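Everything on this sheet refers to the single structure shown next.
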Amino acid sequence: MRSTPHRALGTGALVVAALAALSLPGTPAAARTAPAPVAAACTPAQAVTNGGFENGTSPWTPSSSGVITSRAGESAHGGTAYAWLDGVGSTHTDTLSQSVTIPSGCSTATLSFWLHIDTAETTSSTAYDKLTAKVGGTTLATYSNLDKNTGYVQKSLDVSSFAGQTVTLSFTGTEDSSLQTSFVLDDIALDTSGDSTPPPADSTRTPATPSYTVNLSSDTNGFVWNGHESVSFTNASATALNEVYLRLWDNYHGTCSAMPIAVTNVTGGTAGALSVNCTALKITLPAPLNQGQSATIGFDLGITVPSGADRFGHDGAFSFIGNALPVLAVRDGAGWHLDPYTNNGESFYSLAADFKVTLDHPTTLLVPATGTSTDTPGSSGRTVTTATASKVRDFAWGAGPFTKISGTSAAGVPVNVYSVSGISSSSAQSMLSTARSAVDAHAARFGAYPYGELDAVIDNNYWFGGMEYPGFVLDLVSTTALTHEIAHQWWYGIVGDDEYTSPWLDEAFTDYATDLAQGKTGSGCWSSVSWASSAEKITNSMAYWDAHSTRYSTVVYGYGKCALHDLRRLLGDTAMATLLKNYATAHWYGVSTTAEFKAAAQAATSTDLTSFWTQHRIDG
């Protein structure tokens, strides 16, 4: 994703705050005669009661009867009730608390809530009025009048270190002597998931070789899609699979009581409770799936596209449907990867898969999609678009009365540009020219583009700048941004990575590739560098960047690509080019890690790179 400066929620940007889980120090080994402890099994649960305040005050303890309310002046995120702290305009404190029990045995516990802040304060530098979120005596996060926004923003805080404890969840709002600030809370949840028992015996990534078959039909606008999805997969690990997880990523864009992605009538397994803010669905298999064995699960699927020029949303008549198809989560040596959704970057981690997606829609709508598409007549006034894609990590599509222009790159890649209304024909032609040259430039450096055609959907209202999917990108009218998103076809699309754990492996490499394609050498890269703290690393995870969101683009994109330019200067242009080409080939349709890249770079030179990694804050 090509990020842009954060804007208020009214323009679609959400900033998610997260705290890293705390680790308890090790304890001495037990005596030989002591039995080994048995870890508690994790039963995913939602620990907060009446988080939407629709059932009155119980079991909440508010500081006054007016804190939980449905009165005029503010509005709920969902339903009619909400919690309104402060907003008085004089020295004042409001509190809201509830005792919660966080189950033991779960590796992940996430407190989430929707927060709206409006204020009469005019300062851009002083936090006069504050809201503090705490668990027990531990402060999780503090917000202030400086965090004002025009709508609700979802916050997610890691409380995994409190597993097995009964603690008080509390919110305290304080105002100073003048100028009101209102802190409005709704839809508070504390979701637990993941088994804290030891990870699988081997590090093999599984379920492997997924194959998805999807049949969906849309309403007249392309805003609502209903149908069926199935996925077949194989257990590649020596450790049996007792369950799989589906990631319903776009439920982030709604609430658990009004989910944009609805999965029902599951076959091939038993659906459990939704967790991780309703973005993870556990499906218990009917029998353990041993190494080399295959299975298929199926389910009915409903998708409701929300309003907004987002990577999942519709801008007027034009829909953009990214991350909407449920995909299998990955289990490896660290266990199941059930990270929360981040809107600051990406959380996605999936294995290369095959997709066959059939989309029945009104003929008036064009439907660009991942893979290679063919159209056939449907029932009266409708068209059936069938898209097939091999070895891709996700599938995305759009729907709307787009204006389409097409061309072919010099190397023979078919390229289509789909524009929303308001994009001039000259801008569309410019983007087509950029896409044709960019796909060939990246292919020459990293390996031939393997996904058939390439679709670019252009809308200048995207708050995020641009977003990549296999064979399908969303972008503004921007030569640099489009060149960046097309480079993502290699860095994350072909050479995969765990985007939540190691976002630099796709964003820094993609920005570096963009510089190369545009003839930029990275000279002066470090002219304005300023590390925020000793904890700030190029290789930090999205959990860190969501808690330090204003630094994410600067460090991961900017400092990350600068580090790669420095590595090129150290190795030499030819050696660096060979390194990246060979590294892409070795990880084609696979998964890259920081440790693997560092090892490959070290193998390319006789110079000890230890100090290089330390200087550039590249850990792992």
Side-chain angles (χ1 to χ4, degrees), residues 1-2 205 208-214 216 229 231 233 247 249-250 311-312 320-330 345-359 367-374 385-399 409 411 413-418 435 438-440 442-443 446-458 464 466-475 481-499 503 505-507 509-510 513-514 584 587-592:
M1 182 168 75
R2 184 74 182 182
R205 298 178 181 97
T209 60
S211 180
Y212 297 86
T213 302
V214 184
L216 297 172
E229 177 177 339
V231 54
F233 53 88
R247 297 314 307 259
W249 287 115
D250 282 335
R311 48 191 183 185
F312 176 59
F320 319 109
I321 310 171
N323 307 113
L325 294 184
V327 294
L328 290 170
V330 176
E346 288 86 39
S347 300
F348 315 126
Y349 177 24
S350 56
L351 303 184
D354 295 337
F355 284 81
K356 181 178 181 181
V357 179
T358 302
L359 303 167
V367 180
T370 290
T372 301
S373 297
T374 59
T385 297
T386 301
T388 56
S390 178
K391 306 302 182 189
V392 296
R393 300 179 193 278
D394 204 344
F395 184 97
W397 72 99
S409 77
V413 177
V415 180
N416 305 303
V417 169
Y418 294 81
V439 71
D440 284 354
H442 297 319
F446 310 124
Y449 179 75
Y451 294 140
E453 65 189 44
L454 173 65
D455 295 337
V457 179
I458 309 300
F464 48 86
M467 179 65 195
E468 73 280 359
Y469 296 97
F472 177 96
V473 299
L474 309 175
D475 224 300
L482 185 56
T483 302
H484 174 99
E485 300 312 329
I486 292 173
H488 271 303
Q489 300 302 309
W490 284 263
W491 303 107
Y492 181 68
I494 297 168
V495 181
D497 64 274
D498 177 347
E499 292 186 302
L505 285 171
D506 51 281
E507 295 299 358
F509 282 59
T510 290
T514 302
H587 292 79
W588 205 260
Y589 301 138
V591 174
S592 170

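The first residue in the sequence is number 1, and the count goes up from there. Keep in mind it's a predicted model, so treat the numbers as computed, not measured.
- Looking at residues two or more places apart in sequence or on another chain, you find a salt bridge (Lys or Arg N to Asp or Glu O under 4.0 Å) between Arg311 and Glu346.
- Separation of atoms CZ (Phe472) and CE (Met467) is listed at 10.5 Å; rounding is to 0.5 Å.
- The minimum heavy-atom distance between Val231 and Pro210, with the atom names listed, is CG2-CB, 4.2 Å.
- In this structure, Val495 and Leu505 have side chains that are not in contact, with every pair of non-hydrogen atoms separated by 4.5 Å or more.
- Pairing each heavy atom of Ala438 with each of Ile486, the nearest pair is CB-CD1, 4.1 Å.
- Taking Tyr492 as the reference, nothing meets the ring-ring contact (aromatic ring centres under 6.0 Å, His included) condition, with sequence neighbours excluded.
- Residues that satisfy the side chain to side chain donor-acceptor pair (under 3.5 Å) test with Asp250, not counting sequence neighbours, are absent from this structure.
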Let's go through Leu325 and Val357 carefully: what are the C-alpha distance in whole Å and the side-chain angles of both, what is the deciding distance for side chain to side chain contact (heavy atoms under 4.5 Å, CB included) to 0.1 Å, and is it a yes or a no? CA-CA 10 Å; Leu325 294 184; Val357 179; 4.2 Å; yes
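- A pairwise comparison of heavy atoms in Phe312 and Ala324 identifies CE1-CB, 4.0 Å as the closest pair.
- Applying the side chain to side chain donor-acceptor pair (under 3.5 Å) criterion to Thr510, with sequence neighbours excluded, gives His488.
- Distance alone, capped at 3.5 Å, is enough to place a donor-acceptor pair between the Gln489 side chain and the Gly471 backbone.
- Listed by chain and number, the residues in a side chain to side chain donor-acceptor pair (under 3.5 Å) with Arg393 amount to none (sequence neighbours excluded).
- For Val330, the side chain to side chain contact (heavy atoms under 4.5 Å, CB included) partners are Arg205, Tyr349, Leu351, not counting sequence neighbours.
- To the nearest 0.5 Å, atoms CG (Leu216) and OG1 (Thr385) are separated by 12.0 Å.
- You'll find the side chain of Glu499 reaches within 4.5 Å of the side chain of Asp506, heavy atoms only.
- By the side chain to side chain contact (heavy atoms under 4.5 Å, CB included) test, Ser390 pairs with Asp354, sequence neighbours left out.
- Summarising the geometry, atom CH2 belonging to Trp397 is positioned 6.0 Å from atom CG belonging to Leu359; distances are rounded to the nearest 0.5 Å.
- Without hydrogens or angle criteria, Thr370 side chain to Ala396 main chain gives a donor-acceptor distance under 3.5 Å.
- Considering all non-hydrogen atoms of both residues, Tyr418 and Pro368 come closest at CE1-CB, 3.4 Å.
- Under the rule for a ring-ring contact (aromatic ring centres under 6.0 Å, His included), the partners of Tyr449 that lie at least two apart in sequence or sit in another chain are Tyr451, Trp490.
- Between His484 atom NE2 and Glu468 atom CD the span is 6.5 Å, to the nearest 0.5 Å.
- Legend: residues meeting side chain to side chain contact (heavy atoms under 4.5 Å, CB included) with Thr209, ordered by chain and number and at least two apart, are Thr234.
- Taken to the nearest 0.5 Å, the OG1 atom of Thr213 stands 7.5 Å off from the NZ atom of Lys356.
- Residues meeting the ring-ring contact (aromatic ring centres under 6.0 Å, His included) test with Phe355, sequence neighbours left out: Tyr212, Phe395.
- Looking at residues two or more places apart in sequence or on another chain, you find no side chain to side chain donor-acceptor pair (under 3.5 Å) involving Asp497.
- Shortest non-hydrogen contact noted between Thr372 and Gly452 is OG1-CA, 4.1 Å.
- Contacts of Phe509 classified as ring-ring contact (aromatic ring centres under 6.0 Å, His included), with partners at least two apart in sequence or in another chain: Trp491, Trp504, Phe597.
- Residues Pro450 and Ile494 meet the side-chain proximity criterion, which asks for heavy atoms closer than 4.5 Å.
- Partner Tyr469 forms a side-chain hydrogen bond (donor to acceptor under 3.5 Å, both in side chains) with one of Asp455, Asp394, Asn323 and no other, that one being Asn323.
- Atom CZ of Arg247 is separated from atom OG of Ser350 by 11.0 Å, given to the nearest 0.5 angstrom.
- Gly371 approaches Ala389 most closely through the heavy-atom pair CA-CB, 3.7 Å.
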